[in-house]
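To start, the structure under review is shown below, and the notes come after it.
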Amino acid sequence: MGEAKRRKAERAGAPVPAASGHSGEDWNAAFKPSRVPGKSCGSCTKCCTVMGIPELKKRAWDECSHVADGIGCKIYSERPNSCRQFICGWLLDPYMGEDLKPENCHVVFYQRGEQHIVGTCDAAHPDAWRAPNVIAFMQRLAKANAPRRKVILMEKGRTWFITEDAIVPADAG
């Protein structure tokens, strides 16, 4: 992404990582983007549920056996590489407020490659992504990143593409 497009996306509230020299790879694996000062995971462990962890043979949407309620990861210092490399969009985006922190909205946002921004909804709260603030955020992302980049919403067993004015099931053609 060029610098001008990066600044435009940032102004629109999109989580935008720094440029990567590793085209086609997951941006989290290519570098460590800067977290927003003052933001931290704290008590949030939504990524531990919605994301798959290959090293632990943990499937997406299954709760991780290493999470202790109210405490966090019990194996944090020895956590797998995929956990170490993952950084959610909320930690990177200065325009995402507390209402969009995954533990509050039940959706984890992240960027996959250079082309896709993904929101993965917690299976325990399957309609959480339908909240007006979450839909508005995804549509702002779609507007800021169209037409080259896609905003994808994943719920256990279902996927949608988000545009600035529509939500289209992925199986709609």
Side-chain angles (χ1 to χ4, degrees), residues 1 5-18 26-28 32-53 60-64 67-73 76 82-146 149-170:
M1 172 186 283
K5 286 184 181 180
R6 184 180 321 287
R7 277 187 257 128
K8 181 179 176 185
E10 286 175 338
R11 283 192 302 273
V16 179
D26 183 6
W27 64 269
N28 280 312
K32 285 287 190 194
S34 298
R35 294 177 185 218
V36 173
K39 284 190 173 185
S40 70
C41 299
S43 59
C44 184
T45 57
K46 286 294 175 186
C47 65
C48 302
T49 299
V50 303
M51 306 301 290
I53 306 170
W61 293 288
D62 288 348
E63 190 170 312
C64 181
V67 173
D69 287 338
I71 297 171
C73 182
Y76 188 80
S82 56
C83 296
R84 290 176 189 275
Q85 293 177 347
F86 181 79
I87 303 174
C88 86
W90 184 82
L91 292 169
L92 301 173
D93 188 338
Y95 302 103
M96 290 178 77
E98 284 292 317
D99 64 318
L100 291 171
K101 186 174 182 179
E103 70 182 345
N104 298 327
C105 72
H106 305 287
V107 179
V108 176
F109 290 98
Y110 56 97
Q111 187 162 339
R112 182 175 287 158
E114 293 182 17
Q115 298 302 316
H116 304 301
I117 296 174
V118 179
T120 302
C121 193
D122 182 352
H125 301 271
D127 290 328
W129 67 271
R130 297 175 192 266
N133 65 322
V134 177
I135 289 176
F137 176 70
M138 290 187 295
Q139 289 179 321
R140 278 194 313 271
L141 288 175
K143 182 178 182 179
N145 293 304
R149 298 171 77 189
K150 304 279 187 253
V151 177
I152 302 165
L153 187 282
M154 294 177 16
E155 183 183 89
K156 189 173 184 177
R158 299 180 69 193
T159 303
W160 292 267
F161 295 109
I162 311 297
T163 69
E164 64 183 282
D165 55 7
I167 299 170
V168 182

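Just so you know, these numbers use all the heavy atoms, side chains as well, and skip hydrogens, waters and symmetry mates. This structure is a prediction, so every number in the text was calculated from the model and none was measured.
For CG of D127, the number of neighbouring non-hydrogen atoms (other residues, nucleotides, ligands) closer than 6.0 Å is greater than 12.
Scanning all heavy atoms of the two residues, the minimum distance from A123 to K156 falls at CB-CD, 4.1 Å. Across every non-hydrogen atom of L92 and S34, the tightest pair is CD2-O, 3.3 Å. Residues R112 and V118 share a closest heavy-atom pair of CB-CG2, 4.3 Å. Closest approach of C88 to V108, counting heavy atoms only: CB-CG1, 4.1 Å. Counting all heavy atoms, side chain and backbone alike, S82 lies closest to I53 at OG-CG2, 3.6 Å.
Residues D122 and V50 meet the side-chain proximity criterion, which asks for heavy atoms closer than 4.5 Å. In this structure the side chain of W160 never reaches within 4.5 angstrom of the side chain of I152, judged on heavy atoms. A 4.5 Å side-chain heavy-atom check between Y110 and M51 finds at least one atom pair inside the cut-off. A heavy-atom distance below 4.5 Å is not found between the side chains of W90 and R35.
The NE2 atom of H125 lies 9.5 Å from the OG1 atom of T49; values are rounded to the nearest 0.5 Å. The line from CZ of F86 to CG of L91 is 8.5 Å long, rounded to the nearest 0.5 Å. With values rounded to the nearest 0.5 angstrom, M138 atom CE is found 9.5 Å from N133 atom CG. Atom CG of residue L141 and atom CD of residue E164 lie 12.0 Å apart, to the nearest 0.5 angstrom. For the atom pair NZ (K46) and CZ (F109), the distance works out to 13.5 Å, reported to the nearest 0.5 Å.
Cation-pi contact between R158 and W61: absent, since separation from the ring centre below 6.0 Å together with deviation from the ring axis within 45° is not met.
With E103 contributing its side chain and C44 its backbone, the two residues share a donor-acceptor pair below 3.5 Å. Of the possible donor and acceptor atoms, one in the side chain of K101 sits under 3.5 Å from a partner among the backbone N and O of C41. Side-chain atoms of Q111 come within 3.5 Å of backbone N or O of G113 as a donor-acceptor pair.
Results of the side chain to side chain contact (heavy atoms under 4.5 Å, CB included) test with F137 over V151, V107, D93, I162 single out D93 as the only residue that passes.
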Could you go step by step and tell me if I167 and L153 meet the side chain to side chain contact (heavy atoms under 4.5 Å, CB included) rule?
-> CA-CA 9 Å; I167 299 170; L153 187 282; over 6 Å; no
